[in-house]
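Worksheet for the structure shown next.
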Amino acid sequence: MQNERGIRTRVLLVAAMAFIIAVVTSSSLLLVRHRLLSQVNDDLSRDLTRSVTTFQDLQTERLAALERENALLADLPSLKALMTSSDDLTIQDGSVEFWRVSGNDLFALADRNGRIVAQYAKGERADAGLRAGLASLLTSSSKRYLVGDGRLFACSVQPLYFGSNETGTLLGYVISGIAIERSTLRQISEPTGVEVTFLSSGKTVASTLESSLQARLEGQRSLAMGVPQAETSVSLGDDRYLAATQDLSYGASAPLHLVVLKSFGPAEESIRRIDRLVLIAGLFSLLLGTALMMTLSQAVTKPIEELAKGVRAFGVGDGAHRVPRYGTYEVRELSAVFAGMREEIQQANHALLESERLATIGRMASSVSHDLRHYLAAVYANAEFLASAQLSPQERAEIFADIRAAVHGTTEMIESLLIFSRTGSAMRRSPELISVLLERATVLVRAHPDAVGATFEIRHGSPVDTAAVVDGKQIERAFYNLLLNACQSVRSEGRAAEVVVSLEAHEGQIILNVVDNGSGVPEGIRKTLFDPFVSEGKQKGTGLGLTLAHRIAVEHGGEVILLSTRPGETIFQMKVAQELHISPATSAVDRDKVVAE
């Protein structure tokens with residue numbers, strides 16, 4: 001199963017830390033912002049309340065002063081004498097001087113019936129709209145605000161009596177007023193930083209707002225019409241305000257509402273600065289936390305990574321790899337446990353290898369001793385026969401042939417043991433033609449006594465296609481062992497061997513198939529067929545033939561397998577990597593050498 005790589009602990013720790021800081025920063029930002037907005041609303045609400053209270057107190061003082069001034073005017077004998085003339089033109093001409101003396105923004109005289117006889121206002125001549133407003137003031141003693149012709153006045157109405165106020169004759173009324181303008185409203189707005197507007201029937205009569213904002217405020221229908229409501233948020237242009245409305249219609253000559261507005265702009269700018277500070281602090285915390293977490297995580301994970309390297313090294317046979325002795329308590333404890341386990345495993349492996357070595361030596365001694373005694377017995381017995389003087393030359397030749405066969409068998413057995421002991425050592429690779437090596441091996445096998453009567457059928461294509469970079473002697477020995485094994489397997493059954501050998505190159509590999517006509521490989525040795533000293537059904541042999549062939553093939557990037565086996569057909573297959581790359585720089589002599597071989 002393919003190993004799936006997970007997330008590194010270091011990355012997981014840094015990501016978790018960054019996530020926590022981001023969540024904490026966001027939560028703090030939201031909480032601080034919510035708290036600040038709530039505080040801003042409370043502060044603005046208090047400012048609005050103080051502004052309304054300030055306006056009421058200021059107007060009370062101004063109206064009281066106006067009442068006193070107007071009362072003094074009403075007590076002037078000259079003014080009373082003027083009102084007794086009952087002539088409108090006379091009264092209008094004479095009232096001009098009294099208006100100038102009063103210094104008020106509005107001055108008016110009315111007869112006893114409430115008809116306005118004379119009226120004067122600063123800035124412009126009083127017209128019909130103002131006259132109607134003055135007349136409405138006389139209808140109720142509680143009205144103190146005059147709305148007319150887009151202007152607003154705070155007014156005082158005093159009756160004129162001929163004689164005392166209790167028993168005298170009513171001559172008329174004197175009305176004095178002070179204009180409520182931008183300069184007056186600034187006295188209310190500046191201490192608390194609010195904006196003040198008076199609306200009458202949806203129109204602005206006095207305001208501290210710019211003209212463009214006044215038009216937008218008049219577009220706020222609920223405020224313009226004076227609909228009773230709690231403090232509300234309104235947008236005027238690019239700014240947002242908290243607005244409070246007070247109905248003053250009960251004391252005015254026309255519907256009148258006071259609208260006090262406090263801008264959110266400064267507070268929102270302050271909140272934005274605080275937001276930036278919180279974000280900067282969060283970013284700084286993130287960077288500092290990341291650096292700190294990376295340092296800490298490295299201190300935690302580095303010994304773990306070293307321990308993992310040690311485990312992997314031990315897995316491939318490197319038992320000397322250093323195990324970390326630093327890190328956290330848990331890592332040190334794990335390293336100590338692993339080091340102890342590794343030592344125990346090495347000791348167990350050493351004991352196992354020693355026992356396997358002894359077992360191998362035992363199997364080798366058992367196998368070799370039997371064959372060696374067989375060959376020595378043949379040499380000894382035949383040597384005694386040769387000592388007899390009664391033997392004919394033909395009999396001596398036959399005995400000498402038996403001795404030579406025994407010596408040849410002993411030499412071959414010893415050579416196999418030497419090759420087995422040297423497998424895995426450095427090989428001498430050179431360009432070879434595998435088909436040529438196969439032919440040499442076949443010639444050697446034909447000369448072996450176990451191949452007497454055997455027939456060989458060799459199948460291969462162009463020799464050049466079988467070129468490979470190999471150790472020629474070892475590959476030839478592997479082929480020899482496979483062919484001889486096929487002959488011995490059939491000969492042990494008392495039949496002549498029929499061996500078919502096919503050689504081909506396929507996808508960078510040389511594939512050799514050896515097919516014999518034996519009864520097949522016994523079931524009991526199929527799993528251990530390539531282990532050393534495994535042999536069954538053969539009269540002679542050390543059991544190293546297939547083992548050597550397999551090891552040589554592995555050392556050449558291939559293998560030897562039992563491809564199939566059944567009565568009458570057994571197929572062994574050997575694969576060897578070609579690893580032959582003839583570049584243009586290869587000399588013609590080398591190329592000719594490969595082809596010639």
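The first residue of the sequence shown is numbered 1, and numbering continues consecutively from there. Everything quoted here is computed from the prediction, not taken from an experiment.
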Counting heavy atoms not belonging to Arg182, are there more than 12 under 6.0 Å from its CZ?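 Result for CZ/Arg182: enclosed.
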Is it true that atom CD of Gln39 has more than 12 heavy atoms of other residues, nucleotides or ligands lying nearer than 6.0 Å?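 Enclosed.
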Under a 3.5 Å cutoff, is there a donor and acceptor pairing between the side chains of Gln573 and Glu559?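 No donor-acceptor contact under 3.5 Å links the two side chains.
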Would you kindly say whether Ser249 and Asp247 are connected by a side-chain donor-acceptor distance under 3.5 Å?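 Indeed, the side chains of Ser249 and Asp247 share at least one donor-acceptor pair under 3.5 Å.
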Compare all side-chain heavy atoms of [X] with those of [Y] and state whether any distance is below 4.5 angstrom.
{"X": "Asp88", "Y": "Arg115", "value": "yes"}
{"X": "Asp111", "Y": "Ile91", "value": "no"}
{"X": "Ile510", "Y": "Val470", "value": "no"}
{"X": "Leu146", "Y": "Ile175", "value": "no"}
{"X": "Leu213", "Y": "Tyr241", "value": "yes"}

Tyr120 vs Ser95, side-chain hydrogen bond (donor to acceptor under 3.5 Å, both in side chains): CA-CA, chis, key distance, verdict: CA-CA 9 Å; Tyr120 301 97; Ser95 62; 3.3 Å; yes
Donor-acceptor pair, [X] side chain versus [Y] backbone, under 3.5 Å?
{"X": "Lys80", "Y": "Asp75", "answer": "no"}
{"X": "Glu181", "Y": "Ala206", "answer": "no"}
{"X": "Thr204", "Y": "Leu199", "answer": "no"}
{"X": "Tyr173", "Y": "Ala108", "answer": "no"}
{"X": "Gln578", "Y": "Asp465", "answer": "yes"}
{"X": "Thr245", "Y": "Val259", "answer": "no"}
{"X": "Gln214", "Y": "Leu209", "answer": "yes"}
{"X": "Asn104", "Y": "Ser176", "answer": "no"}
{"X": "Thr25", "Y": "Ala22", "answer": "no"}
{"X": "Thr139", "Y": "Ser136", "answer": "yes"}

Under the side chain to side chain donor-acceptor pair (under 3.5 Å) definition, can you give me all pairs with a residue in residues 270-293, not counting sequence neighbours?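 Only Arg33-Asp275, Glu269-Arg272 qualify under side chain to side chain donor-acceptor pair (under 3.5 Å).
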Could you report the tightest heavy-atom contact between Val205 and Ser200, atom names first, then the distance?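 In this case the closest contact between Val205 and Ser200 is CG1-CB, 3.9 Å.
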Taking atom [atom1] of [X] and atom [atom2] of [Y], what is their separation to the nearest 0.5 Å?
{"X": "Cys155", "Y": "Leu66", "atom1": "SG", "atom2": "CG", "value": "7.5 Å"}
{"X": "Glu97", "Y": "Leu79", "atom1": "CD", "atom2": "CG", "value": "12.0 Å"}
{"X": "Glu195", "Y": "Leu185", "atom1": "CD", "atom2": "CG", "value": "10.0 Å"}

Trace of the side chain to side chain contact (heavy atoms under 4.5 Å, CB included) decision for Leu138 with Ile116: CA-CA 10 Å; Leu138 300 175; Ile116 303 300; 4.2 Å; yes
Partner set under side-chain contact (heavy atoms from CB on, under 4.5 Å) for Ser78, not counting sequence neighbours: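 For Ser78, the residues satisfying side-chain contact (heavy atoms from CB on, under 4.5 Å) (neighbours in sequence not counted) are Leu76, Phe98.
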Yes or no on side chain to side chain contact (heavy atoms under 4.5 Å, CB included) for Glu67 and Arg144, after CA distance, side-chain angles and deciding distance? CA-CA 11 Å; Glu67 288 286 345; Arg144 290 293 182 268; 3.4 Å; yes
Please assess Gln59 against Ile180 for the test side chain to side chain contact (heavy atoms under 4.5 Å, CB included), listing each intermediate value before the final yes or no. CA-CA 10 Å; Gln59 285 302 104; Ile180 299 177; 3.7 Å; yes
Mind running side chain to side chain contact (heavy atoms under 4.5 Å, CB included) on Leu256 and Leu152 for me, showing each step along the way? CA-CA 9 Å; Leu256 182 65; Leu152 177 63; 3.8 Å; yes
Taking only Lys NZ, Arg NE, NH1 and NH2, and the carboxylate oxygens of Asp or Glu, determine whether Arg429 and Glu555 approach each other closer than 4.0 Å.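 Here Arg429 does not pair with Glu555 in a salt bridge, since their nearest N and O are not under 4.0 Å apart.
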Between Glu507 and Lys575, does the salt bridge (Lys or Arg N to Asp or Glu O under 4.0 Å) criterion hold? Intermediate values first, please. CA-CA 11 Å; Glu507 295 182 356; Lys575 294 182 179 179; over 6 Å; no
